[in-house]
Amino acid sequence: MEPILLHDDRLFPADKPTRDIAKALYDSVKALPIISPHGHTDPRWFAYDENFTNATELFITPDHYVFRMLYSQGVSLESLGITRVDGKPTEQDPRKAWQIFADHYYLFAATPSRLWLDTVFHDVFGMQEMLCSENAMAYYDHITTELATANFKPRALMDRFNIELIATTEGALDPLTHHQQLQGSGWEKRVITTFRPDDVVDASRDDFAENIEKLGALTGENTTSWSGYLNALRKRREVFRAHGATATDHGHPTALTADLSANECETLFEKVLTRQASNADKELFRAQMLTEMAGMSVEDGMVMQIHPGSHRSHNVPLHKQFGGDKGHDIPVAVNFVDALKPLLNKYGNEPGLSIILFTLDETTYSRELAPLAGHYPCLKLGPAWWFHDSPEGMLRFRHQTTETAGFFNTAGFNDDTRAFLSIPARHDVARRIDCRFLAQLVAEHRLSENEAFSVARQLTYTLAKKAYKLEA
Amino acid sequence: MEPILLHDDRLFPADKPTRDIAKALYDSVKALPIISPHGHTDPRWFAYDENFTNATELFITPDHYVFRMLYSQGVSLESLGITRVDGKPTEQDPRKAWQIFADHYYLFAATPSRLWLDTVFHDVFGMQEMLCSENAMAYYDHITTELATANFKPRALMDRFNIELIATTEGALDPLTHHQQLQGSGWEKRVITTFRPDDVVDASRDDFAENIEKLGALTGENTTSWSGYLNALRKRREVFRAHGATATDHGHPTALTADLSANECETLFEKVLTRQASNADKELFRAQMLTEMAGMSVEDGMVMQIHPGSHRSHNVPLHKQFGGDKGHDIPVAVNFVDALKPLLNKYGNEPGLSIILFTLDETTYSRELAPLAGHYPCLKLGPAWWFHDSPEGMLRFRHQTTETAGFFNTAGFNDDTRAFLSIPARHDVARRIDCRFLAQLVAEHRLSENEAFSVARQLTYTLAKKAYKLEA
Amino acid sequence: MEPILLHDDRLFPADKPTRDIAKALYDSVKALPIISPHGHTDPRWFAYDENFTNATELFITPDHYVFRMLYSQGVSLESLGITRVDGKPTEQDPRKAWQIFADHYYLFAATPSRLWLDTVFHDVFGMQEMLCSENAMAYYDHITTELATANFKPRALMDRFNIELIATTEGALDPLTHHQQLQGSGWEKRVITTFRPDDVVDASRDDFAENIEKLGALTGENTTSWSGYLNALRKRREVFRAHGATATDHGHPTALTADLSANECETLFEKVLTRQASNADKELFRAQMLTEMAGMSVEDGMVMQIHPGSHRSHNVPLHKQFGGDKGHDIPVAVNFVDALKPLLNKYGNEPGLSIILFTLDETTYSRELAPLAGHYPCLKLGPAWWFHDSPEGMLRFRHQTTETAGFFNTAGFNDDTRAFLSIPARHDVARRIDCRFLAQLVAEHRLSENEAFSVARQLTYTLAKKAYKLEA
C-alpha cells in the first residue's frame, strides 16, 4: 500500500463517524476561492508574469522554514546557496543544493513544511513518490522543466489556485512600482498591497533617521516635526489605499501601546530623531505609534494587524553573515492585557475600528486574547501564526479560543507566506483542520450539523473578507 | 434528524467503546444532589421566595458572559437594557432586548453559555427548537409565563434542581439580612453565606477608609488600630459562621502573600489607612492580609478560597458608564510559587488548614498548582474557573493536573454563578466532562472501571463536601 | 473481568485502527535494549552487587514522588520512616510504613507513579492484584523475600531489564570510588558517571567556598585564582571522562548564561569567593559558568545537559526537618530565549557541540524550545522531565515540539530516576506513548507507516545513543 505521497483523508480524525462528518464539511468548502489577505509574495511576479527559474530557488533558498531545519542538523547555509551579506562564496549549483535538501528530507517528518511541500509536489507537479536521495535529480528536473512552461507563470497559477485575492506587504517607503504596474491590467483588484510602517516607526533601527528623511522627501512633509511626520504617514496610507490596501501591519517586538499627550509626543519624537533616545524611549515611541496608527485607522478605515513577540535574528553571528529572516527569529512571552490597554481605552469602543491580533505565545490564547476579543468590538483574532500555522497549532488555537471568543471574533485564515506555490496547500491544511475541529463538535453533540456547515464556510471564506473589509 | 436542541450524549467522546464507558459513569452520578459551595446567587431569592420577572431580566441583563459576546460584535449594552451608572437612558422594553439576543444567538455556537442556555431552555422550560430571530417572541412569552407560576419560585426550583446546599457570597460589611431571614425556616442549612473581605482588606479601593470605619461601627472595635482591625475581622467571621459560612473568599489581583512582623503590620496599616500609601504598600497590605486570613482560618477552621489574576474592568470608558462586572475583566499571568511562599512557609503544614486555589492562568496547572497541591497538605485545587468553566477548560484542567496532584487534591465542582437557573446545567457539564475524562482513562487501561466509578462519585459529590467542610 | 493489574494495551488509544498501529509499532521496539543516559541510581549497587533490603526501603523512603503525595493528604513523613536531618525519631518498622502506603494507594490513581509501581509489582514481582490495605503485608513479604534472592541482585536485574547502559550522576568533588571499583570488571562500559558541577559553580550554596577549596585539594590547582579554578574543572572533567562520562549536567535555578570578559570573570570570581557577593553576582556567576562549561564542552566533546527552573525546597520548615529532595521542589516559569543568548551567540554554531535542554515549564515547548532546537545545530530537546515524565506530559511534549523541531532534534528518553526497579517501567511508558503518538500521525495520514517504524526505533534507541555520544 505504501508509499503514498498524499492521502485524500489526511488530517482528518481516525474515528470513522467523526471522519465522515469532517469529510462532508470539507467537501463543502474545499473548492471555495482563496482569500489571502496577509502574506509576503513578491508583487513583481504578478506585475510582470515571468516564469520562476528552478526548484531550488523556488523551494529552498527563500524558505526559512526549510533551511532552518537543515541548519539545525548541521547543514551549512552556504551549501544550500543562501546568499551571504558579506559577499563570501556560497554554493552556486542549484542541483547540488537540491540534492542536500533531498538527502535530509526525512528531517521534516510530521512538520507542516513536509505537508506543504508534499502537497505542492503532488498537486502542482504530479509527483507520486516521496522525495529522497535517489529521486532527487529526477524531481529537480521535472519541476524545473515544468516551471519554464506557460502554465506555471504567476498569473496562470493564480487562476489555477483559484486565488480570488492576494495581499502583499510593503514598507511605508516602498514606491509600490509593481502595484502601479498592475493598475489598469484588471489584476489590481486581485493583487493588493498592505501598509507596513515598521521602518518609519521603530526608532531602534539603524536606518530610522534616514527613513524619516526619506519619508519627508516622498510626501513633501516636514518630517522633523511631529505633526509633519503624522501627516506624512497619513499621506502614505492614502497612497497605499490607492493601491488596494485595506490593512496595515505592525511587527513590533512587544504589544506595548501608549497614550501620551501631544506635548509628550513632540518631545519624544524629537528625542528619537536626534538619537539621544534610550531603549525605553524607543520602546515608548513604538508604543505611542501603535496608538497613533489606531487613530488613523479610525479616520481612514484601514484594518490594523498587530504581530508582536518575535525576537528577531537571535543568532547574531549568523545574522552578520546572512542577514535577517534566516530562520532564527524566536518567539518570546507576550503580555497583551496591560500592553494594549492604553490603545484600547482610547479607541477600543470606536465603531468601525478593526484590529486583528496575532501571537506566537500560545499561552495568551485562552488567558488574554479570547477574553479581549470576546469583549472589545474592535478586536478580532488572527489565525495561528508562523510556528503555529500547522495542524497541531491550528487545533490548539480553536480549542483554546472558541469557548470564550466564539468563531465570529476570529478572522479566517492567513497563509503569511512568500512561498507562492504553497498557498493552496496552506489553505487546504486550514480548511481540513477547521472541518476536523467542527466535526468533533458535531460528533460530540456540541454543535448541530447545520451550524457546522455554516461556520465552515465562514471560517474558510466569509470571515476573512469581512475582517479585512474586502467585501463589495 | 436535525435540529435537536439537546442530545442525551452531548460532550461524550465519539469513539463508541469510550462513549459507552462515559455514559455508564455518568448514569451513576447524574442524579446525585448538587453541592454548590461557591457562587453568587442572591440570598434574597431564597429568603422571600418571590417569582422571577421575565426572560430578559433572568438571562440577559445579569449575565456578563452573555452580553460581553453581544458587545464584542457591536451590540450596545444600552440596547440590551443594561443599567448605566450615570443614569443615562437604556432600553426599557425587555422584549426588544430579547429579540436582539435571539438575533445574535448564533454567536454563541460552541461556547459554554450556549450549552447552559440550551440546557435551561430544554430541561427547565421544555423548548425543542434552537432560539432564533423567528421564534424569539414565542420563547420570551413562554418563559415569562412559566416564571410567574408557583413551580418557578426559587425554593421550588431548589427542590426541582436537587440542590442540597448552596453558598452565596457576601462582603465583610454585609448585614446578612437575607440569611437572617432564613434562620428558623428550615432553609438555613441549605442556603449559607461565604465571607468575602475584599472590601476591607484592599486598600486600593476608593472606599477603603470608609469601609474600615464601617467595620469598626459594625463590630464595636477600634479599627484605627491594627489589633482592633484584626479583632473586627474575627468578629465578622464569627457572624458569618453563625449564618452557615464554612469558607472565606479572596479575589485579589495577584496571589501575593507576605509575612511581616507585628510592628511592620502596624506601620503598614497606619499608612494604608491615612491614604499615604503607594501602590506597592497597598499590594503588600493585601499580601499580608491573605496571610492573616490564613492564620484566622487556622484558628476558626474556615476554608480559604483564593481567586487571583483577574484584571478587573479593563475597558475604563465602559466602566465609567456601566460599572463593574460588565464582561471586561481580563485574566493575567499569575505566579503562585513565589507569591504563596510566605503564607505557606508560615501555615502550610498546619493540620486542619484548607486553602482552595483557583486560576485563570492555565499555564500554572501543571507547572505550579499541581506540584504545590501535590505536596502541601493544606492546598486543594478548585475547579476550572470562569472562562475555563467549559468543556475544553475542564478537560485541560484534568489532563494537566491529575498526573501530579491526583484526584484527591481537587475540590469538586463550583458553579460560581449568579445565573440560578443555569446551576443544574453547569453541574451537568462538569459531571459529563469528568466522566468523559475518566472513561478515556478506563478505555486506555490507565484506570480500572471500579476505581473510575468510585472517583466519579468523589468528583461529583464527596470531594466538594469534604473540601468545604460541609460534612455532618 | 476486573481487577486486572496491568493491561497489555495500556496507554494505547481506544480507537481500534489507531490502537492496532500503535501496537504494531510498539511490538517493533519493546524489546530493544534500554539506554539510560541520565539518572540518579547509586553506583554502589552495581559496584558491589548486594541485595536490596526490603520493600519500604526500595519503594517508599527514597521516592519523593511517592511520599509527597502521601504528605499532601496528611500523612507525616515521620510515619513513613523518612529520616529527619535533626535526628528526631521516625518510624523504624518498615512494615508499618508499608501498611500506610498501601492504605493510601488509591491516591495515586491515574498518576505515573501508580503506573510505574503497578508495572514493577506485576512484571518484576509477579503480583496480580492491586495493592490495598488488605493485601499490604502479603505484598510486603513477597517482595522482601524475593529481594533477598540472587535474581534480584543489581547486576542480575541489569541483565533481566536489558539495560545496555546506565549513567549515574556525581558531583564534581565525588571521588568516584564506586565507578573505580567497576573498572576492569567488564561493567565499566555499562555503568558510567556524569559530571555535575553545581556544587562548585553555584556560589549561593553555603558550602561553596569550602567546595572550591576541596576542588583545589583534589586537583592540585590553585582554585583561588580564576584560571586555576577553570583548570581544576578541566581536570575533574577529564577524571569523569576516564570513568565513562560523556556528559555534564547542570541544575541551575534559571537558564541564564553570560559572556563576560576574562577580566570581569576574574573580578566576579574573587567576589563570590570572598562572600562579598550579592544575589545578583551569584546569579551572574552561575550564568557565566554555564558558558564556561559550554566552552569546555567544545574542547573535550562532553555533552551538556541543562535542567533549569526548579524552585528547590519550597517548604522551608519541612526542609529544616528533612533536608532536600523531599517532594517540595516546585517548577517556575523559565525564559530560555534571552537567557541562553550569550552562550548561544558565543558557541551555538560550533560543530560538535551538543547541548540538551530540559524544562519544567511546558509553555516553552512550542514558544521557545522547539524554535531554538529547530535552528541551532548544538541544541537538542531532552524528553519531558520530572512532573512531565508521564503519559500526558510526554504527549504534550510531542504534540508541541514536533511540528517545529521535528523528531531528530530530540534526544530520546531519560528515566532520570533513583528508583532502579522502575527503570523498565518508565522506558516502557515512553515507548508506548511515542508509539501512540506516531500511530495517530499514521492513522491521520500525516506520516507514512514506513517512516513511523523508523522513527519509533530512533526515539527508543538510536537518538539517545547519538545525542549522548554513546556510539561505538
Side-chain angles (χ1 to χ4, degrees), chain B residues 13-19 21 333 335-338 340-341 344-346 348-349 351-352 362-380 398-400 402-409 437-452 454-455, chain C residues 1-16 19 64-65 68-69 71-76 104 106-115 130 309 311 314-318 326-334 360-363 386-393 395-396 436:
Chain B
D15 172 69
K16 176 90 170 73
T18 315
R19 177 175 291 192
I21 302 168
N335 171 336
F336 286 96
V337 180
D338 297 314
L340 292 179
K341 195 173 177 182
L344 290 172
N345 274 245
K346 184 153 194 180
N349 303 296
E362 295 177 303
T363 70
T364 62
Y365 283 160
S366 71
R367 188 180 60 220
E368 307 181 17
L369 291 180
L372 285 166
H375 163 70
Y376 281 101
C378 65
L379 294 182
K380 298 282 171 290
R398 291 283 175 219
H399 278 285
Q400 293 173 31
T402 305
E403 292 182 324
T404 293
F407 294 110
F408 294 85
N409 286 308
F437 177 74
L438 292 169
Q440 189 194 342
L441 295 180
V442 172
E444 297 177 357
H445 306 293
R446 297 155 69 180
L447 187 71
S448 73
E449 232 173 275
N450 285 348
E451 278 186 286
S454 157
V455 170
Chain C
M1 200 167 64
E2 295 212 28
I4 185 167
L5 190 55
L6 206 65
H7 196 286
D8 277 350
D9 292 346
R10 65 191 177 278
L11 300 176
F12 295 145
D15 171 70
K16 176 89 170 70
R19 177 175 291 190
H64 55 70
Y65 287 77
R68 71 165 182 79
M69 178 66 93
Y71 187 74
S72 80
Q73 288 281 317
V75 175
S76 75
H104 293 84
Y106 69 94
L107 294 175
F108 295 94
T111 68
S113 291
R114 171 70 171 274
L115 198 53
M130 176 181 148
H311 182 124
H314 189 269
N315 190 337
V316 175
L318 202 76
K326 288 300 175 292
H328 49 102
D329 299 338
I330 311 287
V332 291
V334 174
L360 296 172
D361 178 359
E362 294 177 304
T363 71
W386 197 339
F387 297 99
H388 312 312
D389 177 8
S390 65
E392 300 287 336
L395 281 173
R396 286 196 292 270
R436 171 200 179 127

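Here is how names work: the chains are called A, B, and so on, in the same order as the sequence lines, proteins then strands, and each is numbered from 1. Side-chain atoms are counted along with the backbone in the values below, which use heavy atoms only and exclude waters and symmetry mates.
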Open item on the list: Are B:Arg367 and C:Val332 packed together at the side-chain level, in the sense that at least one heavy-atom pair is separated by less than 4.5 angstrom?
Closed with: no

Open item on the list: I'd like to know which of C:Arg396, C:Met69, C:His314 tops the heavy-atom pair count under 4.5 Å against chain B.
Closed with: C:His314

Open item on the list: If you define the side chain from C-beta out and look only at heavy atoms, does anything of B:Arg446 sit under 4.5 Å from C:Glu392?
Closed with: yes

- [ ] Against chain C, work out which of B:Asn409, B:Thr364, B:Leu344, B:Asp338 has the most heavy-atom pairs shorter than 4.5 Å and name it.
- [x] B:Asn409

Task: Which atoms of B:Ala405 approach chain C - backbone, side chain, both or neither, heavy atom under 4.5 Å - done: backbone

Task: Segment of B:Leu372 engaging chain C (4.5 angstrom heavy-atom cut-off) - done: both

Task: Pair C:Tyr106 + B:Phe408: ring centers closer than 6.0 Å - done: yes

- [ ] Indicate the atoms forming the closest heavy-atom contact of C:Gly393 with B:Glu403, along with that distance.
- [x] N-OE1, 3.5 Å

Task: Closest approach of C:Tyr71 to B:Pro377 (non-hydrogen atoms, all atoms of both residues) - done: CE2-CD, 3.4 Å

- [ ] Below 4.5 Å from any heavy atom of chain C, which atoms of B:Ala14 appear? Answer side chain, backbone, both or neither.
- [x] neither

Task: Side chain / backbone / both / neither for B:Thr18 at chain C, heavy atoms under 4.5 Å - done: side chain

Open item on the list: Does any part of the side chain of C:Glu362, heavy atoms only, come nearer than 4.5 Å to the side chain of B:Thr363, both counted from C-beta?
Closed with: no

Task: C:His311, part contacting chain B, at a heavy-atom distance under 4.5 Å - done: side chain

- [ ] Start with the C-alpha gap between B:Asn349 and C:Asn315, add the side-chain angles, then the distance that decides, and say whether side-chain hydrogen bond (donor to acceptor under 3.5 Å, both in side chains) holds.
- [x] CA-CA 9 Å; B:Asn349 303 296; C:Asn315 190 337; 2.8 Å; yes

Task: Heavy-atom proximity to chain B below 4.5 Å, by part of C:Phe12 - done: backbone

Open item on the list: Using a strict threshold of under 4.0 Å (side-chain N to carboxylate O), is an ion pair present between B:Glu444 and C:Arg19?
Closed with: no

Open item on the list: Can you confirm if the aromatic rings of B:Tyr376 and C:His328 lie within a centre distance of less than 6.0 Å?
Closed with: no

Task: chain C contact via B:Gln400 - side chain, backbone, both or neither, heavy atoms under 4.5 Å - done: both

Task: Residue pair B:Leu441 / C:Ala110: nearest heavy atoms and the distance that separates them - done: CD1-CB, 3.7 Å

TODO: Identify which of C:Lys16, C:Lys326, C:Arg114, C:Gln73 forms the greatest number of heavy-atom pairs closer than 4.5 Å to chain B.
DONE: C:Gln73

Task: Part of C:His388 lying under 4.5 Å from any heavy atom of chain B - done: side chain

Task: Exercise: identify the closest heavy-atom pair between B:His375 and C:Leu318 - done: CE1-CD2, 3.5 Å

Task: Under 4.5 Å from any heavy atom of chain C - which part of B:Lys380 - done: side chain

- [ ] Answer with side chain, backbone, both or neither: which region of C:Leu107 has an atom nearer than 4.5 Å to a non-hydrogen atom of chain B?
- [x] both

Task: Leading residue by heavy atom contact count with chain C [cutoff under 4.5 Å; candidates B:Glu368, B:Lys341, B:Gln440, B:Lys346] - done: B:Lys341

Task: chain B interface, residue from C:Pro13, C:Gly74, C:Ala333 that has the most non-hydrogen pairs under 4.5 Å - done: C:Ala333

Open item on the list: Counting C-beta onward and ignoring hydrogens, is there a side-chain heavy-atom pair between B:Asn345 and C:Pro317 closer than 4.5 Å?
Closed with: yes

TODO: Provide the closest heavy-atom pair for C:Thr111 versus B:Gly406 in the form atom of the first, atom of the second, distance.
DONE: CG2-CA, 4.3 Å

- [ ] List the atom of C:Arg10, the atom of B:His445, and the distance in Å for their closest heavy-atom pair.
- [x] CB-O, 3.5 Å

TODO: Examine whether an atom of B:Asp15 lies under 4.5 Å from a heavy atom of chain C, and if so say whether it belongs to the side chain, the backbone or both; otherwise answer neither.
DONE: side chain

